[in-house]
Structures are given as structure tokens and as C-alpha cells.
Amino acid sequence: MKKGTIERPKLVVFCCNWCSYAGADNAGVSKMDIKPYFRIIRTMCSSRVEPDTVLEAFKKGAWGVLILGCHPGDCHYKNGNYKALRRTLLLKRVLEDMGYEKERLTIDWVSASEGERFASVVNSTIEKMIELGPPKNA
Amino acid sequence: MRIGVYICHCGGNISDIVNIGEAVEFAKKQKDVVLVRDNGHICSNEGQMLVLSDIREFKLDKIVIAACSPSFQGQTFMKMMERAGLNPYVLEMANIREQCSWAHINYPEEATEKAKDLTNIAISKVRLDTPLSKAKMPIGKRVLVIGGGIAGIQAALDLGDAGFKVYLVEEKPTIGGHMAQLSKTFPTEDCSACILSPKMSDVAAHPNIELLTYSEVIAISGYLGNYNAKIKIKPTYVDPSKCTCCGDCSEVCPVDVPNEFNEGLSFRKAIYIPTDIAVPHSFTLDIENCLGLLPLACAKCRDACDAKAINYDQYEKTMDITVDTIIVATGFDIFNPAEKPVFGFGKYENVLTALQLERLVEHEESGKNLVDIGNKIAFIQCVGSRDEQIKKEYCSRVCCMYATKLAQLLKRNRPERDIYIFYTDLRAYGKGFEEYYKRAQKNGVKYIRGRTAEIQENPKNKKLILKVEDTLTRSLIEGEFDTVILSTGMVPSEGTKKIRDILRIGRTTDGFLAEAHPKFKPVDTLTEGIFLAGTVQGPKDIPDTVAQASAAAARAIRLMNKGEYEAEPITASIDEELCAGCGVCISVCPYDAIAFEAEGARKFAKVNEMLCKGCGSCAGSCPSGAAQQKWFNTEQIKEMLRAIL
């Protein structure tokens, strides 16, 4: 996202290997129209995403961070998505204290077969980022 | 460090959108990259040979493949690494096909930028990758097959014959599933029960198969090689070893219950045998409908049983078993046509489902009519299939052909019958299907392309008035029929829903369980050691179900046969020096794989790698960074972020 990206949102998407990463593949296979202003970082589980990494993303200039895990009850590792949810809700408050709009960090659920849902969640998050513009304190 | 980067065209799938030349130039500028090549198909033998010779010639020690999704060809390239004498975990893939060129067809310039970033993510990660070794874990030869329809039966027999111990669990009193209810099978018109019953009795007699009918899996925990299942076994109050199936008990039983096996078209007693071909071949006392087990309440059946097979002192039991792999074959239910009130099912007595007709036809053939359905008969196709209104967009795949079969059988029983099939599209896709459909047409079955707008009952004679728009001739057809048959589609069974919640397997948007990959892993699930067989994965006919069940058995054997398997090495580790002993990791670990160890006065957490499944929850929550996940350590994730921001 380096060249000519002054007004283009930089969205980091953390995808769980078992659900949303496959959901993103599914969206591609189905040739869904997805805005290209996001980059996926794969982890084995949404619970792997530590707060420090999210803060690092914002420090480096990300406009937003989206964490995508398995639907509640469907976690490949029993309950990692709930841990990610709890952590994200807390982290949003920390981000707000740091001067970021809380909408810049979101968590959502996309299963392996939900290509369409992946496309719509990512597209709407990108639209939200365009609306917010780059973070003021970035 | 000497990294080789390979950017794939994928025969145009990538190169038509992404400017490969730009991506190659970009990769060349990255630190530690000594060689960048692009190629039409890196996954091909020729492509792999190129990488292998480069590894030797340029002394490459780490590889990045920018191509398709790692879940598609990741294994191929990991094996290639092994052939080159390199560790498979110093390889990274950049997903520039599914997640780039295919996702951003309308944005070629942005897609090129993204392909560069994704390649850079992979380069940044591979720099910090270290070789990982797979632990060899022991695995036994025990399989749990859930569901005793034709899929479960076939899988159990294949596994049993191959020398594996099988537990076959079925919730009903007999195995056989829906196939046992069918009259004949299309397109060969084999008698369904005749071809199924030998397999059912093979199951009962098989030394390697332990059959648990009237039983339900209520909990499963563990992992490949060590799944622990809890099974609830309901009492039948009849000893199958003593029961002679004389039927004396049934004759004296005062309770009448709608017969499920005949789809409610006849009655059975509270003590009953579901079908003549039931396995185990024994009566079952249905406690929910019995007047009571106390001799005071009734006890007529016990008194009538000469064989003394009936024992009221039976109780529900649970059984704990440990197995190495699991095959899920919990099948389908038919769509409940009451969800489409326009068809009048449950309101008009002459509207029946096709499964009810299967039972009727079988009785009609043997001269024991359950109900007379008359001579003018209409089939309405796609009831509960291909219907966006009720969120059933999929085709159930069998209804066109079973309607054709039933029409043929009805006409054979009474050639004067006038039969109409109102269809959406006629799908005769399988081997011998088209020929069978043509034969039915020649025999006078009338196929009319049209969706039914309305069914009304003539109150005088209970005949049904159908209004259908013929979509080929654009004319409205109105007619009076003796019986209307609803060709109901398949929906995920109740058992499938229950087992999905227990095993947490993903499902597709249609509600059926999801396979690991639609093309290359059609019977695997994303959970290691759990496989799918039959209609649990989606609607299919009997030959496809049998093929899939054998495939699931073969995939399970593939894992178990060697007696050991290689465990994924992406586990967690905890740096003893950094660990402050707070115990957060212990509280978040879903597998109890972390415990405290003490060294003098200091305690620190330690990971049991045999139990760790590599989710990284501990690494995600450790406040001191002591807990790390191999192949996904914090520094790697941060480096990946730096590569794109």
C-alpha cells in the first residue's frame, strides 16, 4: 500500500486459517467484487491476534484493523473467537483513549463457505474507513 | 540467507490481471532475495523441477511461492521442499490468485500493488521462519461411524473388511435409513430393500463391527488418534438374542401409533419391528407410547412372549469409547411441505409426499394397498428445492429421477393411469438417467414444464384442482387429479444439526456440512480425522452416496494404516526466562496443554506439545511475550505488518 496510496484506505484484516481465510478464498473463487484496499494476515485463530500487534498496525499507519473469526459456537479451537471478541471490545476502549475512533477496530465472523459475506463485510469496512479518512494522530 | 521468489502466472489466472513483470522487479529489490522468477505453472512438474534445480544451483535456503492459496497447493510445495532437502516450514506462499487477481478483476493496477504487498508479506515472514519438525504420534485402528443409513453401512463394511474396529451408531431401532423405505431405485429399478438387506445383515454379522442401534452420540472430545465419544443407549426392553420376531407381543398391544416407516400411512403398535428387514432383527418397545411398564398398567406383551424375550427392567445406559477417526453419515430429512402452504399438504388428504408414495407403491405391488390413490396423478417437482422464497436455492438432485421412477411403477401397476410431472427443469444428468427419462416418456408419462400456482380441493369428491402455467407453450393448464404427489427435496437431518454442534464442523450456506475442499478433499472436514459420507454433505443419490462412503473409509484408513501420523508442528512454546508465572495462558488454553512447573521458588508455565493444537491463544494473551506460537511468532506478525504499512 505504498505507492500512490495517499487517499486510499489501508485496512489490515486478520483472518483465521479455518474460517475467514477460506472465506476470502471462496470470495475470490466466486469472483466477488471486492475493493482492493485491504491486506490479509493469516493466523491460525482469531485469538492469536494480540493487542500489541493491533497497536503496531495503527502505529505504522493503518486506517483500520478488521479481525475475522469463526461464527460464535463454530471455533475450530473450541472458543478462541470469544477470547478475541472480549479482547477486541477492551482494545476498542484503549484505542478511543488514544484518540482513534472506535470504529477503526472491528471484529466479525465469516465462515469458510461465506465468500459473499466476506466480500460484504470487507467492502463495508473499507467504505467506513473512506468515510473516516486517515487517522488524525497517525 | 538466500531467498528464492517464484511468481506464478497460473496460466493467465493471475497474469491476466496482475502485472507480473512489475511484481518480479519489486521482489528483486527486497532484502535477502537472491533470485526471482516467474513461471506459467509453478505447481506443474516442470515448474517444480525448475525450483529444485535453482535450489541446488543458487544455494537457496528459503522459498517464497506467490501463486494460489496455501490451502490449495500448499501441500504440493511443502512436499517439493522435502524433495529438495529443505524443511517444509521455510517455505511461504503469497496468495495472489484467490485473494488478489480473482478478487479484484476490476482493479488491475491495485491488484498489482496488492500482489507486491502479499509477496512482501511472505518474504518478511520467511526471513524469520525456522525449520520445524513434525512429531510422530501413535494412532490406532478404531473408527466411530455415526449414522446407519446406506452411507454409514458402506463405510462401516469397508473399514471392517480392511481390519479396522468400527462402532456404528444409529439412533433408530434399525439400520437402513431412508434407502430401506424406498420401493425401487432409479434408473435400474432394483428392489431397494433387496439390495440393501444383505448389506444390513453383513453389518450385524461382521466380527469387526460393533452395532449400537437405538443409540445416540451425545458428546465427543479429543483429537485425531484420541477421540472420546459418549454414547447414550436407549433400552428396547426386548432381548434380541431371544426375540424370534413371532409378533405375538404386537398382536396384544393395545396402543396404535402412526407408523414412521410407512410415513404415517398406517399404524404400528407400541411394541413393534420397524420393517421385516430390520437389523438387529428384533422387536422394540417404544416407551414413549407404551401404557407403562408396570404389570398393573398393561404388561400384555410380556405375558404373550413365549420366548421370554421381554424384560421391563432395562435402563438407559451410556457408553464411553475411544476412537482414532470419525465418519459422520447422519444423512438427510425430507423437506417438510407444510412450509409451503400453497400445496395444501396436511390440509387436503390426497396430497402426499413422494416418500409416502414410495411406501404406497411397494404395498400396491404386493397387493396390500395402504390407500387407493386413483388413476389420475400429478407430481409437483422442486418442493423445497430451487426455491429462494424459503431459502432453499439448491437442487436436491434426486427428485426428477425418483418422480420418473415412481411414475413408471405406478403405470406398471395400472397401465390405464394418467400421470403428469410438472417440473422446473428436468435434470437427468447421471449414468442411464436420460435413457430412463426417455423410456418413461414413451410409456406415456406426461412431462410439463411449469410451476404450480395453486392447488384446490373439490369438496364434493376430494379431488384436487391444479392450476399450472405451462412455461413452454405459455398456456394455463387446469385439471382435476385424484392424487397430487409433492416431490420433496432433501434438507439436513435433525441428527446432522445435533452432531454439527457436538463436533463443531463447518457447514455451507445450505446447512449441509462443509467438506475441506470442494474438489480435492470432498470427504474430509477441516478437523483432522473427521470425514463426511453421504447426504450429510449435500443431496446425492445412492451410487454417489456409496462412492462417497467408500471414499471416506479410504481417507480414514490412509490416516490410520501406518500406525502413526505426523502431527502439525505449529505448537506453542513458553520462554521460561520471560515467563512471570501469571497463568493467563493456562486459563485460555482450550486443551489444558499448559501447566505450571516449578524451579525452586519460581514457577513458570510449560506447554505439553502432545496436547497443544496450535491455536496461539496463549501467545495472543501473554502479557510478557513469553508464550509464542511456532511459525506465527509475534515478531513475524509485526514484520508482516511492516511489509504492508
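Since we're looking at a predicted model, the values are computed, not measured. Just so it is clear: chains get the letters A, B, ... in the order the sequence lines come, proteins before strands, and each one is counted from 1.
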| Would you call B:E110 and A:K35 a salt bridge, using N to O less than 4.0 angstrom? |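 Between A:K35 and B:E110 there is no salt bridge, as every charged N stays at least 4.0 Å from the carboxylate O atoms.
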
| query | Are A:K10 and B:D117 ion-paired here, with the side-chain N under 4.0 Å from a carboxylate O? | reply | no

Roughly how far, to the nearest 0.5 Å, is the [atom2] atom of [Y] from the [atom1] atom of [X]?
{"X": "B:C100", "Y": "A:I40", "atom1": "SG", "atom2": "CD1", "result": "10.5 Å"}
{"X": "B:N106", "Y": "A:D33", "atom1": "CG", "atom2": "CG", "result": "5.0 Å"}
{"X": "B:S617", "Y": "A:M44", "atom1": "OG", "atom2": "CE", "result": "12.0 Å"}
{"X": "A:R42", "Y": "B:M93", "atom1": "CZ", "atom2": "CE", "result": "9.5 Å"}
{"X": "A:K78", "Y": "B:K613", "atom1": "NZ", "atom2": "NZ", "result": "10.5 Å"}

| Validation row, ring centre A:F38 to ring centre B:H104 under 6.0 Å |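 Under 6.0 Å, so yes.
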
| task | Name, in order of residue number, those residues of residues 18-26 of chain A that have a heavy atom at a distance of less than 4.5 Å from a heavy atom in chain B; otherwise write 'none'. | result | A:W18, A:Y21, A:A24, A:D25

| query | Is any side-chain heavy atom of B:K638 less than 4.5 Å from a side-chain heavy atom of A:D52? | reply | yes

Toward chain B, the part of [X] with a non-hydrogen atom under 4.5 Å:
{"X": "A:C70", "answer": "neither"}
{"X": "A:I41", "answer": "side chain"}
{"X": "A:K83", "answer": "side chain"}

| request: Return yes if a side-chain donor-acceptor contact under 3.5 Å exists between A:E50 and B:T634, otherwise no. | output: yes

| query | A:K102: what forms a salt bridge (charged side-chain N to carboxylate O under 4.0 Å, His left out) with it, not counting sequence neighbours? | reply | none

